[in-house]
Amino acid sequence: MKRTKIIHLFDAKTSPGSVLIKGWVKTRRDSKTFSFIEVNDGSCLANIQIIADDSLDNYDVVKTLSTGSSVAVTGLLRESPGQGQTWEIAASAIHIYDIAPEAYPLQKKRHSDEFLRTIGHLRPRTNKYGAVFRIRSELCHAIHKFFHDRGFTYIHTPILTGSDCEGAGDLFRVTALNLENLPKKEGKTDYSLDFFGKPANLTVSGQLEAELLALALGDVYTFGPTFRAENSNTARHMAEFWMIEPEMAFCDLEDDMSHAEEFIKNLIVHAMDHCARDLDLFANFVDKNLMKTLENIVSAEFVRLPYTDAVDIVKQSGHKFEFDIEFGKDLQTEHERYLAEEHFKKPVVIYNYPKTIKPFYMRVNDDGSTVAAMDVLVPRIGEIIGGSQREERLSILERRMEETGMNKEDYWWFLDSRRYGTVPHSGYGLGFERLIMLITGIANIRDVIPFPRTPGNIEF
RNA sequence: UCCCCAGUAGCUCAGUCGGCAGAGCAGGUGGCUGUUAACCACCGUGUCCGCGGUUCGAGUCCGUGCUGGGGAGCCA
């Protein structure tokens, strides 16, 4: 008999008769002549209830099934006379793959997230983590669908890169040299002997390469891993995270902001439509206000707020802040939270930042002091998107590189894109894990990715 | 990296003023019941994070290191 996934059992309108399911035991309750066994196979949050009675030839072993044990169950799918579930399986045979011993760390009871992080290899078997990882998968699908529906080309930007000063943070150096015995030239490491003949790093962003593809294919996006060697110890940062970076030719900052807003709303709607059961868990046990928050984001028109106005609002708020704000200083987390959570109570897009606090590639505005940058701030998470209209004018771009102390020769290929048929274009980066935090209500970024990479932690 | 908090049974945590190490859950045994975070009775469980110090005596006080958490910076 062919195995049926448990999610499909719950779709049934009428019983298909006998079925075969395979999965892991969540819990067992015994009566005198029979047992209730709840089995989960990861296809959905819900367990299927198995009725095993003493007519089974291995009932004496079935009665010892513990949480975490693996089984294959054949039996009749029938309406359950009990409360709490519509269907149950009256087992005619139970094959036991393995009985999990007493040392199995997961219990029926709820565990703390901190403890579960120490057993990252087993936590996907819990309800909560199973649900996050299913939602994560569904949203990957939604992201590709969103762009595909709009005629974007999915491109792959390199993971290994030779550019080292994009201004996006500290880099992980990649080398094939023997670190115990580095070749030296005039006292310094001789990278001419390294694999690529020069220093190489893990990418911090696919943006520069995506720009090149946008200036050929029109609308493109990348969706891949990104690496930052920053010693960040917060609930919102990891050394390895996944980023979605659209890049659009013939697109100005206005279009860029509209696109970002549509994107976020589309993904939230997709999650509510396709992950309702899993989202219920988060709405019930993680964040009681989750559905209200999500509905608010979907229905609200995002506020568009120039940086200077944001500064004025913060200054005139009458609120006590730890840090002062004035033109030329970046908004602190407390200021961003005040704007999104208290003042507007909905997502806020802040744009036209001072050029002194933004990287070289952002387009200089006519005022000469600001750049066409935009950050999307959402309640609870803070910055979820950072983007800009790119500087398409060669001379200004070169001047900005000089101002920020960059070596133009290293970026000859990037500058070529402004030399030959340059056009206005824009793009942004959305942190995938921060999106999952927003949609699930999970507060710590380490809990929305199966194997988080943070300073001092690379187990599993 | 900086500031704050925590580390005690497999898990969650209590431990008063410095004086014999505790509870619930999980686990085991028996019972009961179409049960559903089942229920009832009984049973076992310790490097009190490591190192050093103060003290007659330290889980408790002091110093230090490690680990985890919250906040900040950097950002997505």
Side-chain angles (χ1 to χ4, degrees), chain A residues 26-38 46-53 64 66-68 78-85 88 90 100-119 126-127 166-170 204-207 223-245 260 285 321-323 329-337 357-359 375-378 381-387 428-438 443-449 454-457 459:
Chain A
K26 285 280 184 177
T27 178
R28 191 195 86 243
R29 295 176 290 274
D30 298 322
S31 286
K32 192 170 259 174
T33 58
F34 63 99
S35 300
F36 301 97
I37 304 164
E38 291 200 29
N47 308 319
I48 186 75
Q49 176 166 283
I50 311 293
I51 312 300
D53 66 33
T64 69
S66 52
T67 303
R78 66 181 190 198
E79 283 182 47
S80 176
Q83 304 282 309
Q85 63 278 319
E88 66 183 21
E102 197 185 325
Y104 184 63
L106 292 173
Q107 302 174 7
K108 283 182 266 189
K109 216 178 118 184
R110 197 171 162 187
H111 292 285
S112 69
D113 294 325
E114 292 80 15
F115 171 67
L116 290 172
R117 265 172 233 147
T118 69
I119 51 168
T126 63
N127 289 341
E166 290 161 22
D170 298 324
V204 292
S205 162
Q207 182 198 314
F223 182 11
T226 342
F227 308 88
R228 309 256 167 110
E230 268 148 18
N231 190 15
S232 295
N233 292 285
T234 80
R236 305 184 306 282
H237 292 87
M238 288 187 296
E240 177 182 296
F241 64 99
W242 288 68
M243 190 152 65
I244 300 110
E245 295 177 282
F285 299 111
F321 294 106
E322 195 183 338
F323 297 95
K329 280 190 183 173
D330 210 351
L331 295 167
Q332 302 285 319
T333 297
E334 56 176 347
H335 304 137
E336 294 180 346
R337 293 190 68 139
I357 55 172
K358 289 293 180 182
D375 285 351
V376 179
L377 313 178
V378 293
I381 309 293
E383 185 177 341
I384 194 166
I385 281 179
Y428 59 85
L430 179 138
F432 185 51
E433 282 76 18
R434 289 188 182 174
L435 177 78
I436 308 291
M437 292 170 74
L438 177 69
N444 195 311
I445 200 165
R446 297 171 181 90
D447 299 331
V448 299
I449 189 168
T454 52
N457 193 342
E459 195 69 58

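The sequence lines fix the lettering, A, B, ..., with proteins before strands; numbering per chain opens at 1. Note that these values count all heavy atoms, side chains included, but never hydrogens, waters or copies made by symmetry.
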- Would a 4.5 Å heavy-atom cut-off, applied to side chains only, mark A:Glu334 and A:Glu322 as touching? yes
- Task: Please report, rounded to the nearest Å, how far the P atom of B:G73 is from the CZ atom of A:Phe323.
- Result: 6 Å
- Task: Using a 4.5 Å cut-off on heavy atoms from C-beta on, say whether the side chain of A:Thr126 contacts that of A:Leu116.
- Result: yes
- Task: Kindly say whether, by distance alone, the side chain of A:Ser232 makes a donor-acceptor pair under 3.5 Å with the base of B:C74?
- Result: yes
- Item | Heavy-atom check, side chain of A:Glu245 versus side chain of A:Thr226, under 4.5 Å | no
- Query: How far, in whole Å, is B:U16 from B:C32 if one measures between their C1' atoms?
  - Reply: 41 Å
- Note on the structure: Partner of B:U55 under the Watson-Crick or G-U wobble criteria, both distances under 3.5 Å, comes out as none
- Item | Non-hydrogen side-chain atoms of A:Trp242 and A:Phe223 separated by less than 4.5 Å | yes
- Does A:Arg434 make a side-chain donor-acceptor contact with the base of B:C75, cut-off 3.5 Å? yes
- Query: When rounded to the nearest Å, what value does the distance between P atoms of B:C39 and B:G52 take?
  - Reply: 46 Å
- Task: Using the C1' atoms only, state how far B:A76 lies from B:U67, rounded to an integer number of Å.
- Result: 27 Å
- Using the P atoms only, state how far B:C43 lies from B:C11, rounded to an integer number of Å. 24 Å
- Describe the nucleic acid contact of A:Pro81 in one word from base, sugar-phosphate, nothing, applying a heavy-atom distance below 4.0 Å. base
- If the C1' atom of B:G28 is compared with that of B:U45, how far apart are they to the nearest Å? 12 Å
- Task: When you get a sec, tell me which of B:U35, B:A76, B:G69 is the closest nucleotide to the side chain of A:Phe36?
- Result: B:U35
- Counter-base of B:U60, judged by Watson-Crick or G-U geometry with both distances under 3.5 Å: none
- Query: Between A:Gln332 and B:A72, does any side-chain N or O lie under 4.0 Å from OP1 or OP2?
  - Reply: no
- Task: Mind calculating the distance between CD (A:Glu114) and P (B:C5) to the nearest angstrom?
- Result: 18 Å
- pi-stack flag for A:Phe241 and B:A76, centroid dist under 5.5 Å, interplanar under 30°: yes
- Here the distance between atom P of B:C32 and atom CZ of A:Arg29, to the nearest Å, is 19 Å
- Query: Do A:Glu334 side-chain and B:G71 base share a donor-acceptor contact under 3.5 Å?
  - Reply: no
- Message: Tell me which nucleotide, if any, is Watson-Crick or G-U wobble paired with B:U67 when both distances must be under 3.5 Å.
- Response: B:A6
- Query: Within less than 4.0 Å of OP1 or OP2 of B:U12, is there a side-chain N or O belonging to A:Ser112?
  - Reply: yes
- Message: Classify A:Gly429 by what it touches in the nucleic acid, base, sugar-phosphate, or nothing, heavy-atom distance under 4.0 Å.
- Response: sugar-phosphate
- Looking at side-chain heavy atoms only, is the closest gap between A:Ile384 and A:Val376 below 4.5 Å? yes
- With a 4.5 Å limit on heavy-atom distance, are the side chains of A:Phe227 and A:Val204 in contact? no
- N/O donor-acceptor pair, side chain A:Arg78 with base B:G34, under 3.5 angstrom: yes
- Query: In terms of the nearest nucleotide of RNA chain B, which residue is placed more toward the 5' end: A:Pro105 or A:Ser31?
  - Reply: A:Pro105
- Message: Heavy atoms from C-beta onward define the side chain here; which of B:U35, B:A76, B:A38 lies closest to that of A:Thr27?
- Response: B:A38
- Query: Which nucleotide in the set B:U1, B:U35, B:C75 lies at the smallest distance from any side-chain heavy atom of A:Asn231?
  - Reply: B:U1
- Anything under 30° is parallel, anything over 60° is perpendicular, the rest tilted; go ahead and classify A:His111 against A:Phe115. tilted
- Item | Nucleotide opposite B:C39 in a Watson-Crick or G-U pair, distances under 3.5 Å | B:G31
- Message: Given the structure, check if the side chain of A:His111 and the base of B:C11 hold any donor-acceptor pair shorter than 3.5 Å.
- Response: no
- Message: Tell me if the side-chain of A:Gln107 makes a donor-acceptor pair with the base of B:U12, cut-off 3.5 Å, by modelled atom types.
- Response: no
- Could you tell me whether A:Glu88 contacts a base, only the sugar-phosphate backbone, or nothing, with contacts defined as non-hydrogen atoms closer than 4.0 Å? base
- Query: Distance check: side-chain N/O of A:Lys32 vs OP1/OP2 of B:C32, anything under 4.0 Å?
  - Reply: yes
- Item | Rounded distance in Å - CG (A:Leu116) to P (B:G69) | 12 Å
- Task: Give one of base, sugar-phosphate or nothing for A:Ile385, where a contact means two heavy atoms less than 4.0 Å apart.
- Result: sugar-phosphate
- Message: So, OP1 or OP2 of B:G73: does either fall under 4.0 Å of a side-chain N or O from A:Thr333?
- Response: yes
- Task: Hey, which sits more toward the 5' end of RNA chain B by its nearest nucleotide, A:Trp242 or A:Arg446?
- Result: A:Arg446
- Message: A quick test of your reading: do over 12 heavy atoms of other residues, nucleotides or ligands sit less than 6.0 Å from CZ of A:Phe285?
- Response: no
- Message: Measuring only the P atom in each nucleotide, how far is B:C3 from B:C17? A whole number of Å is fine.
- Response: 29 Å
- What is the distance from CE of A:Met437 to C1' of B:C75, rounded to the nearest Å? 13 Å
- Query: Considering only B:G71, B:G34, B:U1, which nucleotide approaches the side chain of A:Ala235 most closely?
  - Reply: B:G71
- Between the side-chain atoms of A:Asn233 and the base atoms of B:U1, is any donor-acceptor pair under 3.5 Å? yes
- Please tell me if the side chains of A:Met437 and A:Ile445 come closer than 4.5 Å, counting only heavy atoms from C-beta onward. yes
- Message: Quick check for you: among B:C75, B:U35, B:G70, whose closest atom lies nearest to any side-chain atom of A:Asn444?
- Response: B:G70
- Message: Just to be sure I understand the rule, does A:Gln49 reach a base, reach only the sugar-phosphate, or reach nothing, if contact means heavy atoms closer than 4.0 Å?
- Response: base
- Message: Taking any heavy-atom pair under 4.0 Å as a contact, classify A:Thr67: base, sugar-phosphate, or nothing.
- Response: nothing
- Query: How long is the line joining CG of A:Asp30 and P of B:C39, in whole Å?
  - Reply: 14 Å
- Task: Can you tell me the distance, in whole Å, between the CG atom of A:Asn457 and the C1' atom of B:C66?
- Result: 14 Å
- Partner of B:A23 by Watson-Crick or G-U wobble geometry, both contacts under 3.5 Å, or none? B:U12
- Task: Would you please confirm or rule out a distance under 4.0 Å between OP1 or OP2 of B:A72 and any side-chain N or O of A:Arg236?
- Result: yes
- For B:A6 versus B:G15, give the span between their C1' atoms, rounded off to a whole number of Å. 16 Å
- Task: Check A:Ile385, A:Val378, A:Ile381 against A:Arg434 for a side-chain contact (heavy atoms from CB on, under 4.5 Å) and give me the one that passes.
- Result: A:Ile381
- Query: How far, in whole Å, is B:C74 from B:U12 if one measures between their C1' atoms?
  - Reply: 35 Å
- A:Phe115 has an atom CZ; how far is it from atom P of B:C11, in whole Å? 5 Å
